[in-house]
Amino acid sequence: IDQHKSGTIPRVIDLCSGTGFLTAPLAKHGYDVVGVDSAPDMNHAAEARIRGIEPRGRNKIIAANALKVESEPNQSFDAVTIGNGAHWLL
């Protein structure tokens, strides 16, 4: 994870973030992460995983369909991750 960081804080969108299995480590390594999942129970688990990671409030989980993310208008990201959720998009 760290080998891809530059001097700026990279913004990452983690699609199908589920319980935050990939979202939380990215946040812990200093990335500005937005996790996206449509399942409320998964979002609650992911929120619990990223809660307390400094700086607080920079990382977030949003409830949305990964194919139609509209909760981040006019936002750009340096990377897109899918982790273990790619099979849910098929």
Side-chain angles (χ1 to χ4, degrees):
I1 292 174
D2 286 333
Q3 70 183 352
H4 298 288
K5 285 177 64 177
S6 62
T8 61
I9 298 172
R11 294 201 73 224
V12 177
I13 187 165
D14 184 21
L15 301 176
C16 303
S17 56
T19 62
F21 181 77
L22 181 57
T23 312
L26 287 168
K28 286 179 184 174
H29 281 274
Y31 289 80
D32 181 358
V33 186
V34 175
V36 178
D37 204 289
S38 61
D41 55 336
M42 295 291 182
N43 289 333
H44 292 303
E47 287 169 348
R49 264 195 163 143
I50 67 168
R51 190 175 300 124
I53 297 175
E54 299 293 339
R56 295 179 189 198
R58 187 177 73 199
N59 304 293
K60 63 182 173 179
I61 305 297
I62 58 173
N65 181 321
L67 298 175
K68 301 176 185 176
V69 179
E70 298 175 6
S71 298
E72 289 294 308
N74 302 318
Q75 296 291 322
S76 63
F77 295 91
D78 300 304
V80 177
T81 60
I82 299 179
N84 296 324
H87 61 280
W88 294 111
L89 297 175
L90 303 175

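Fair warning: this is a prediction, and the values are worked out from it, not measured in the lab.
A donor-acceptor contact closer than 3.5 angstrom is absent between the side chains of Arg49 and Thr23. Side-chain atoms of Asp14 and Thr81 include a donor-acceptor pair closer than 3.5 Å.
Contact record, Pro25 with Gly20: CD-O, 3.9 Å, taken as the closest heavy-atom pair. Residue Asp37 comes nearest to Asn43 through the heavy atom pair O-ND2, 3.0 Å, listed as atom of the first residue, atom of the second, then distance.
Placement of Phe77 and Leu15 within a single hydrophobic cluster is found when ILVMFWY residues are connected by side-chain heavy-atom separations under 4.5 Å, directly or transitively. Cluster membership check: Ile50 does not share its hydrophobic cluster with Val33, using side-chain heavy-atom separations under 4.5 Å among Ile, Leu, Val, Met, Phe, Trp and Tyr. Residues Ile62 and Met42 do not share a hydrophobic cluster, clusters being chains of Ile/Leu/Val/Met/Phe/Trp/Tyr side chains in contact below 4.5 Å. Cluster annotation: Tyr31 and Ile53 are assigned to distinct hydrophobic clusters (Ile/Leu/Val/Met/Phe/Trp/Tyr, side-chain heavy-atom contacts under 4.5 Å, transitive).
Panel note: side chain Asp78, backbone Val12; no donor-acceptor pair is recorded below 3.5 Å.
Atoms NZ and CG, on Lys28 and Asn59 in that order, are 11.5 Å from each other to the nearest 0.5 Å. Ser17 contributes atom OG, which lies 12.5 Å from atom NZ of Lys60 (distance to the nearest 0.5 angstrom).
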Original post:
Could you go step by step and tell me if Arg11 and Val34 meet the side chain to side chain contact (heavy atoms under 4.5 Å, CB included) rule?
Top reply: CA-CA 8 Å; Arg11 294 201 73 224; Val34 175; 3.9 Å; yes
